[in-house]
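Input: a single structure, listed below in structure tokens.
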Protein chains: 2
Amino acid sequence: LKGEQKVKIILVSHGSFSKGLLESVQMIIGEQKGIVAYGLYPQETTDDLVAKLESEIILDDSEECLFLSDLFFGSPFNAVVRLMQKYDLYHVTGVSMPLVLEAALARNSGATAEEVCNKIVEISRDSVKDIKKLLAEEVK
Amino acid sequence: LKGEQKVKIILVSHGSFSKGLLESVQMIIGEQKGIVAYGLYPQETTDDLVAKLESEIILDDSEECLFLSDLFFGSPFNAVVRLMQKYDLYHVTGVSMPLVLEAALARNSGATAEEVCNKIVEISRDSVKDIKKLLAEEVK
């Protein structure tokens with residue numbers, strides 16, 4: 001039933017990007033349960049990151065896992081893809097602030113992981129805007 | 001002449017998101033001159049941020065300024081829009097890792113600020129991907 005299954009959101013990136021992103025998202029919509037952030041730091045291997053991410057995965061009838069990674073290809077992305085071969089995970093790459101906000105709000109409204117993925121890919125098409133051009137068009 | 005004018009890139013966000021983003025970008029493509037990051041923190045006002053951003057603006061024949069903000073609307077975005085009323089600035093919102101990487105590489109190859117804006121808006125259309133769906137399609 002919609003709303004009965006929780007979606008855990010795991011942000012993954014090179015370095016501190018994902019942690020900063022989560023902190024900034026929480027400045028806007030308050031502290032969020034079930035959203036965590038992991039970074040791959042220079043002294044670590046991809047195996048280290050895989051182990052940390054794997055410890056977050058609990059897949060049962062009450063929870064789905066959605067990974068949001070920084071970049072198509074690259075070690076953090078590859079760590080998630082490796083876990084996708086073992087577990088049934090959701091994974092959207094190219095994460096930004098509008099995407100995490102939308103994902104958090106959709107999830108909190110009872111959307112399933114699949115619905116959250118569809119929603120954030122949909123809004124991503126219009127989430128990047130050239131403001132100089134927009135303002136110039138307004139003047140016309 | 002192309003390549004003679006430098007493009008300074010200024011990342012702006014709520015909290016530490018922009019600083020984490022810059023750190024992570026530099027993990028991938030090395031230290032970058034002329035890319036800086038500013039955040040608006042809970043104890044600060046939008047005026048404080050405007051003042052800090054304004055101190056980065058040098059507009060002469062040798063430099064253009066491109067702001068990359070976290071979110072359409074919100075205080076950091078509004079701080080940049082306020083400065084756009086006073087200076088001739090470039091501004092794209094909805095920043096993510098692929099966008100900053102593309103902006104840095106385009107700029108380093110001699111693109112003008114306008115060309116960088118066009119390029120990152122263009123690649124943004126395809127920078128967010130649902131990997132679960134992509135992998136399912138590959139199997140078909």
Side-chain angles (χ1 to χ4, degrees), chain A residues 13-28 37 39-42 66-72 74-77 80-81 84-85 88-101 113-114 117-118 120-135, chain B residues 13-28 37 39-42 66-72 74-77 80-81 84-85 88-101 113-114 117-118 120-135:
Chain A
S13 72
H14 293 80
S16 62
F17 168 57
S18 57
K19 287 193 192 298
L21 178 55
L22 179 55
E23 184 201 289
S24 299
V25 163
Q26 294 190 335
M27 276 180 63
I28 299 176
L40 178 65
Y41 293 89
L66 167 58
F67 285 87
L68 300 176
S69 66
D70 55 353
L71 206 58
F72 191 57
S75 303
F77 173 90
V80 181
V81 170
M84 292 175 80
Q85 289 154 6
D88 186 27
L89 305 171
Y90 293 83
H91 179 195
V92 173
T93 195
V95 68
S96 64
M97 197 97 158
L99 262 59
V100 181
L101 287 172
E114 190 181 355
C117 290
N118 291 341
I120 62 178
V121 169
E122 182 196 322
I123 69 129
S124 76
R125 305 288 168 239
D126 196 39
S127 68
V128 174
K129 295 175 197 293
D130 185 327
I131 305 304
K132 190 185 174 89
K133 279 196 183 162
L134 270 188
L135 293 175
Chain B
S13 72
H14 293 78
S16 62
F17 168 56
S18 58
K19 288 195 192 294
L21 178 54
L22 179 54
E23 185 202 288
S24 298
V25 163
Q26 293 189 336
M27 275 181 64
I28 299 175
L40 178 66
Y41 293 88
L66 167 57
F67 285 86
L68 299 177
S69 65
D70 54 353
L71 206 58
F72 192 56
S75 304
F77 174 89
V80 180
V81 170
M84 292 176 81
Q85 288 155 5
D88 186 27
L89 305 172
Y90 293 83
H91 180 194
V92 174
T93 195
V95 70
S96 64
M97 198 98 158
L99 263 60
V100 181
L101 287 172
E114 191 182 354
C117 290
N118 292 340
I120 63 178
V121 170
E122 183 196 323
I123 68 130
S124 76
R125 304 288 169 238
D126 195 39
S127 68
V128 175
K129 294 176 200 289
D130 185 327
I131 305 304
K132 191 185 174 87
K133 279 196 183 161
L134 270 187
L135 292 176

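So that the names make sense, note that chain A is the first sequence line, chain B the second, and so on, each numbered from 1.
Side-chain atoms of A:His91 and B:Leu134, non-hydrogen and from C-beta on, never get closer than 4.5 Å to each other. Taking 4.5 Å as the limit, every side-chain heavy atom of B:Ile131 sits out of range of all side-chain heavy atoms of A:Val80.
Ranked by heavy-atom pairs under 4.5 Å with chain B, the list A:Leu21, A:Leu101, A:Leu99 is led by A:Leu21. The candidate with the highest count of non-hydrogen atom pairs below 4.5 Å against chain A, out of B:Leu22, B:Val92, B:Thr93, is B:Thr93. Interface remark: of the candidates A:Asp126, A:Leu89, A:Ile120, A:Leu89 forms the most heavy-atom pairs closer than 4.5 Å to chain B. Counting heavy-atom pairs under 4.5 Å between each of B:Gln26, B:Met84, B:Lys129, B:Met97 and chain A puts B:Lys129 at the top. For the set A:Ser24, A:Cys117, A:Ser127, the count of heavy-atom pairs under 4.5 angstrom toward chain B peaks at A:Ser24.
Neither the backbone nor the side chain of A:Leu68 comes within contact range of chain B, judged by heavy atoms closer than 4.5 Å. Proximity to chain A is limited to the backbone of B:Val95, based on heavy atoms less than 4.5 angstrom apart. Within the 4.5 angstrom heavy-atom criterion, no atom of A:Val25 approaches chain B. Of the atoms belonging to A:Phe67, not a single heavy atom falls under 4.5 Å from chain B.
Without hydrogens or angle criteria, A:Ser124 side chain to B:Val128 main chain gives no donor-acceptor distance under 3.5 Å.
Scanning all heavy atoms of the two residues, the minimum distance from B:Gly94 to A:Pro98 falls at CA-CG, 4.3 Å. Taking each heavy atom of B:Ser16 and A:Gly20 in turn, the nearest pair found is OG-CA, 3.4 Å. Heavy atoms only, all atoms of each residue included: B:Pro42 and A:Met27 are closest at CD-CE, 3.9 Å. Here the shortest heavy-atom pairing between B:Asn118 and A:Lys133 reads OD1-NZ, 2.7 Å.
Atom-to-atom distance recorded for B:Glu122:CD and A:Asp130:CG is 13.0 Å, nearest 0.5 angstrom.
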